[in-house]
Amino acid sequence: MQYNHIEIEKKWQKEWSQRQTFKADNNSDKPKYYVLDMFPYPSGAGLHVGHPLGYIASDIYARYKRHKGFNVLHPQGYDSFGLPAEQYAIQTGQHPAKTTEVNIATYRKQLDKIGFSFDWSREVRTSSPEYYKWTQWIFIQLFNSWYNKDTDKAEAIDSLIATFETAGNTEVNAVADEDIVGFSAQEWNQFSSTKQQEILLQYRLTFLSDTEVNWCPALGTVLANDEIVNGVSERGGHPVVRKKMTQWSMRISAYAQRLLDGLNTIDWPQPLKDSQTNWIGRSQGAMVSFDVDGYDAKIEVFTTRPDTIFGVSFMTLAPEHELVSQIVAEDKRAEVEAYIEATAKRSERDRMADVKTISGVFTGVYAIHPFSGEKVQIWIGDYVLASYGTGAVMAVPCGDQRDYDFAKHFGIEIPNIFENVDISEAAHADKEGTVIANSDFLSGLKYKKAVKLAIYELEKRGLGYGKINYRLRDAVFSRQRYWGEPFPVYYKDGMPQMIEAKHLPIELPEVEKYLPTEDGKPPLGNADVWAWDSENAKVVSNNLINNETIFPLELNTMPGWAGSSWYFNRYMDANNATEFASKEALDYWKEVDLYIGGSEHATGHLLYARFWQKFLFDRGILPVDEFAKKLINQGMILGTSAFVYRLEYEPSTKILDLERTIEGSIQVKPIFISKKLANLSVEELKEELDSNYEKIIRKGLSEFLTDEANSIDISEMYYTFRLTPIHADVSLVNTADELDVEAFKNWREEYKNAEFILEEGVYKVGREVEKMSKSKYNVVNPDQICEEYGADSLRLFEMFLGPLEQAKPWKTSGISGVHSFLKKLWKLYHNGETFEVSDADPTKEELKTLHKTIKKVEEDIENFSFNTSVSTFMIAVNELTSQKCNKRAILEPLAVLVSPYAPHIAEELWEKLGNTESIATAAFPVFEASHLVESSKEYPISFNGKRRFNMELSLDLSKEEIEKAVMSHEKTQAQLQGRTPKKVIIVPGKIINIVG
RNA sequence: GCUCGAGUGGCGGAAUUGGUAGACGCGCUGGAUUCAAAAUCCAGUUCUUUCGGGAGUGUGGGUUCGAUUCCCACCUCGAGUACCA
């Protein structure tokens with residue numbers, strides 16, 4: 001009986017689905033284990049072989065854990081709100097919900113073919129109202145919360161209101177807006193309701209504010225910092241400009257420190273932790289306030305080096321700083337205004353790209369040094385960023401390279417405050433081992449002590465205070481898009497009002513057009529039925545808006561990261577219609593034990609999700625404050641692109657003359673040159689083609705060439721050709737890199753008449769490893785692989801490719817290895833055409849093979865070293881084949897070992913072995929060390945650390961006996977050539993090394 | 001620039017605490033089987049060699065009886081980040 005992967009896989013995929021084999025139970029005596037994949041965005045292109053890599057790994061682990069007796073939760077779903085569906089809608093008018101549904105169906109079909117053990121009964125879609133109802137609900141919780149620094153957690157806004165009513169806000173220690181004005185309880189109680197709401201908005205964890213945002217005109221929307229790469233949009237690469245807009249924001253900055261601290265409690269990859277640490281950007285220092293000479297103003301700066309305060313020789317303000325328009329000497333005003341105007345024109349991107357050019361302008365005004373009382377110049381310079389710290393710096397040119405460069409450029413004094421340090425060439429930024437000098441009370445101190453003392457003095461004299469600053473900015477939460485979660489918000493007297501949770505979800509309205517409105521409102525501005533009737537608690541027509549009972553609804557939608565910031569909790573109780581998830585389910589599953597996904601989410605999804613988790617934990621909704629204990633980033637599978645080499649040449653004057661005579665342009669056929677010839681240098685190619693170059697060039701000329709044309713000398717063309725590599729679709733190329741020439745001609749209209757210069761009768765393509773992408777025609781579809789080799793082969797091969805976390809190229813030719821392994825495995829259980837296993841006792845050797853395999857595979861899975869266990873299986877099957885083993889006692893446990901990797905074939909063999917329950921329920925074989933005990937060892941005999949030969953010796957021998965046996969060996973004597981060894985190292989059971 | 005990570009045959013990669021470098025697979029070479037092909041099986045495949053052996057894990061040094069593994073310097077590639085005061 002042949003191994004028929006198509007039948008077997010179809011059969012078991014159906015069985016698993018019908019029997020609900022992988023449905024997880026929220027009640028179980030078994031210990032729980034939660035394995036999660038980052039859910040996909042269902043794009044129209046479908047899956048390529050790179051996508052399932054992480055899913056295969058997590059599936060192996062999930063199946064392994066089931067064998068190990070765990071109650072495993074292994075769900076899957078779709079992150080189905082997003083820009084591509086919306087852009088498709090703009091182009092075609094097709095409703096994004098429709099497109100999304102079609103794409104999801106395609107994804108599901110593709111995923112099912114690979115045989116994953118997902119519990120589909122828990123599927124979530126971020127774009128379904130049943131799901132985003134709870135995303136909206138979380139938004140309301142955030143709105144109704146504030147961050148209490150005293151308790152260091154988020155609390156209900158009611159507790160803040162209560163405090164305001166009894167004590168005002170002066171004693172409140174909150175993370176809130178910076179420009180909060182103090183008030184007493186009495187004042188609070190006399191404020192109008194609108195005024196109170198305005199104040200509360202400054203404290204809420206999600207709040208409206210006029211913020212400078214990254215506006216992308218091409219996409220018509222605001223982008224978060226992590227959606228911008230190198231100053232242009234991540235999607236599409238469109239330019240991004242700064243713009244002020246009223247937007248919802250999330251006060252993630254409240255959690256900066258806890259997001260940092262939490263990293264120490266979770267097992268995530270170090271590079272990912274590093275990039276989150278970087279992104280949060282904690283820096284410890286001090287706030288210092290400088291008086292401005294002759295003005296009633298203070299300049300506040302943040303510095304990490306208060307120890308260098310006596311090195312301050314000037315100050316620099318960002319051009320956007322609020323004081324720049326006020327503190328300008330009259331004779332400098334024109335110059336300053338010109339400078340500000342010039343910098344405003346430059347986009348953020350230009351400023352970032354052009355770090356070298358130093359520019360700035362002196363305001364003509366001076367600040368007073370807080371300690372020395374000396375006057376220091378106040379400059380404006382665009383190397384100071386408005387968005388970090390206070391948008392102003394105290395410049396210490398001797399200790400900071402940027403200040404140094406600025407001072408040098410403008411001829412500002414550079415006082416040296418370091419002992420025995422030369423600053424004639426560059427600033428001295430080193431902290432450790434440097435002693436401060438010329439600094440009054442700080443002189444003679446080292447960095448750490450000087451910082452402490454400086455802060456102490458600042459605080460004592462009321463000039464400043466110690467402070468920790470974070471780079472992490474509050475996250476803008478509004479998007480001017482259609483295909484996202486609507487906010488559960490309406491506006492009354494210009495103030496946002498939350499819709500009561502019991503009326504959720506607020507579903508996306510229908511719109512005519514998915515574009516922004518003509519007056520620049522977001523797409524929801526096109527909706528006719530988008531007003532909130534607060535009396536009847538429903539969405540009604542805009543015509544009814546009276547601003548008394550019926551109000552306009554929010555027009556923005558939520559960003560992509562909203563739905564993905566909590567979905568892992570929803571899986572725990574995915575079909576709960578009355579709650580976010582039941583308390584029992586949340587307490588049972590708690591957190592994700594293993595999370596697998598790409599590293600590109602390091603500072604987006606993974607940071608926001610941790611933020612929401614901590615918030616929901618604070619508010620008592622979740623039992624833990626980190627959502628994923630362990631995380632693994634799978635590496636990317638790269639494509640192997642195929643290249644054809646097109647010969648292009650400039651028409652010679654002769655040809656041009658000819659064109660004139662026949663009154664038309666001469667059609668030139670595309671000519672492609674096979675790889676070997678294309679790799680030659682131009683000179684070599686000339687030589688190679690010498691005898692028949694004319695024939696080749698002539699081949700490229702169109703058929704309608706006249707006899708006259710055929711007779712012309714085209715030798716000049718010979719010198720002007722060049723080769724252009726062009727991507728060819730990898731499906732047109734076989735595993736031997738040979739191009740299917742006819743298929744290639746039909747691939748593109750323009751290649752219909754192409755000519756090919758072959759090598760050894762075939763056209764060979766060039767290969768190069770690149771990211772898998774449609775535009776590079778190097779995408780390999782998993783469906784085809786499943787069809788041809790089977791899902792089990794695909795799963796094994798993806799694992800066999802290399803370490804999970806590493807990027808590695810895909811080469812379809814390699815799959816034959818794992819496929820023939822499966823055929824060999826199948827054969828072990830068969831005698832010719834019939835299934836046959838023996839109940840006889842296994843031999844020592846057979847048991848040794850089995851237990852060695854159990855040990856290695858178990859270790860490998862625990863270490864996520866899936867590639868090496870595939871080789872272990874191959875070794876085991878090769879050994880059992882040569883042992884001619886068909887013993888049930890060996891083959892039954894072997895099927896279980898293989899089943900996480902190749903579940904279909906394992907399940908089939910398991911059934912043939914007479915089992916009625918799914919192999920998924922079988923216990924993992926137990927390793928017994930006794931089967932691996934050896935009596936002798938093939939010792940490597942090394943001379944000066946280099947192995948020269950091997951020698952079989954009993955493990956019972958003493959060191960002396962071993963040495964005697966080795967020294968008397970003839971090869972030892974040959975190696976030594978009469979010399980006496982200086983030393984003989986014997987590590988019993990390991991190695992023997994002779995030195996001399 | 002800064003911070004990580006990685007360099008091993010023609011290719012993907014293995015060597016888990018320093019102990020036989022190149023497991024396993026692809027590819028390639030030769031052979032068997034076949035009318036032929038596919039499939040399958042067998043043998044070989046780091047380089048070099050005077051067939052004794054010798055060299056060899058990016059380069060140079062170091063520690064060690066012994067280094068792909070640890071330390072120092074450098075080179076190359078990849079990823080992230082970028083005027084963060």
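Excluded from the calculations below are hydrogen atoms, water molecules and symmetry mates; all remaining heavy atoms, backbone and side chain alike, are included. In the text below, chain A, chain B and the rest are named by the order of the sequence lines, each starting its count at 1.
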Look at the side-chain N and O atoms of A:Ser275 and state whether any lies under 4.0 Å from the OP1 or OP2 oxygen of B:C4.
-> no
Nearest-Å distance, CD (A:Glu768) to P (B:G78)?
-> 12 Å
Pick one for B:G9: is it syn, with its angle within 90° of 0, or anti?
-> syn
Go ahead and name the base partner of B:C65; Watson-Crick or wobble counts if both distances stay under 3.5 Å, otherwise write none.
-> B:G19
Rounded to the nearest 0.5 Å, how far does NZ of A:Lys808 lie from NZ of A:Lys811?
-> 16.0 Å
Determine which nucleotide pairs with B:C24, using a 3.5 Å limit on both distances of a Watson-Crick or G-U wobble pair.
-> B:G12
Would you kindly check whether a donor in the side chain of A:Lys856 faces an acceptor in the base of B:U16, or vice versa, at under 3.5 angstrom?
-> yes
Whole-Å distance between B:G5 C1' and A:Leu272 CG?
-> 13 Å
Between B:U20 (P) and A:Arg947 (CZ): distance, integer Å = 9 Å
Compare side-chain N and O positions of A:Arg471 against OP1 and OP2 of B:A82 and report whether any pair is under 4.0 Å apart.
-> yes
Euclidean distance for C1', B:C75 against B:U59 (whole angstrom) | 7 Å
Under 4.0 Å between any heavy atoms, over every strand shown, what does A:Ala602 touch: base, sugar-phosphate, or nothing? Just pick one.
-> nothing
For B:C41, which nucleotide in any strand shown is its Watson-Crick or wobble partner with both distances under 3.5 Å?
-> B:G31
Distance, P atom - from B:U33 to B:U50, rounded to whole angstrom | 35 Å
Might you work through the side chain to side chain donor-acceptor pair (under 3.5 Å) test for A:Ser869 and A:Thr872, ending with a clear yes or no?
-> CA-CA 5 Å; A:Ser869 40; A:Thr872 306; 5.9 Å; no
Quick one: label A:Glu859 by what it contacts on the DNA or RNA (base, sugar-phosphate, nothing), any heavy atom closer than 4.0 Å.
-> base
Could you go step by step and tell me if A:Asn778 and A:Trp810 meet the side-chain contact (heavy atoms from CB on, under 4.5 Å) rule?
-> CA-CA 10 Å; A:Asn778 60 1; A:Trp810 174 274; over 6 Å; no
Applying a 3.5 Å limit to both distances, which nucleotide forms a Watson-Crick or G-U wobble pair with B:G1?
-> B:U81
If you find the nucleotide of RNA chain B closest to A:Phe302 and the one closest to A:Ile985, which residue's nucleotide is nearer the 5' end?
-> A:Ile985
Taking only side-chain nitrogens and oxygens of A:Gln270, does any of them come within less than 4.0 Å of OP1 or OP2 of B:G5?
-> no
Ring centroid separation for A:Phe864 and A:Tyr61, is it under 6.0 angstrom?
-> yes
Conformer about C1'-N of B:G52 - syn within 90° of 0, anti elsewhere | syn
Span that lies between the C1' atom of B:C47 and that of B:U57, in whole angstrom | 13 Å
With a 4.0 Å cut-off on heavy atoms, is A:Ser599 in touch with a base, just the backbone sugar-phosphate, or nothing at all?
-> nothing
Just checking A:Thr303: base, sugar-phosphate only, or nothing, at a heavy-atom cut-off of under 4.0 Å?
-> sugar-phosphate
Can you tell me the distance, in whole Å, between the CG atom of A:Asp307 and the C1' atom of B:A85?
-> 13 Å
Think A:Arg948 has a side-chain N or O under 4.0 angstrom from the OP1 or OP2 of B:G52?
-> no
Over how many whole Å does the gap from A:Leu794 atom CG to B:G25 atom C1' extend?
-> 16 Å
Quick one: A:Phe800 CZ to B:C24 P, roughly how many Å, whole number?
-> 10 Å
What is the distance, rounded to the nearest whole Å, between atom CG of A:Asp382 and atom C1' of B:C83?
-> 9 Å
May I ask you to check whether A:His369 and A:Phe310 place their ring centers less than 6.0 Å from one another?
-> yes
Short side-chain N/O contact from A:Asn878 to OP1 or OP2 of B:G25, under 4.0 Å = yes
Short side-chain N/O contact to B:U40 OP1/OP2 from A:Lys823, under 4.0 Å = yes
Base-pairing mate for B:A73 - Watson-Crick or G-U, with both contacts under 3.5 Å = B:U59
For the pair made of OH in A:Tyr388 and P in B:U81, what is the distance, rounded to whole Å?
-> 18 Å
May I ask you to say what A:Asn867 touches in the nucleic acid, namely base, sugar-phosphate or nothing, with a heavy-atom cut-off under 4.0 Å?
-> sugar-phosphate
Can you tell me, in whole Å, how much space there is between the C1' of B:G19 and that of B:U69?
-> 11 Å
Are A:Tyr901 and A:Asp792 linked by a side-chain donor-acceptor pair shorter than 3.5 Å?
-> no
Step through it carefully: locate the ring centre of A:Phe800, locate the ring centre of A:Phe866, and say whether they are under 6.0 Å apart.
-> no
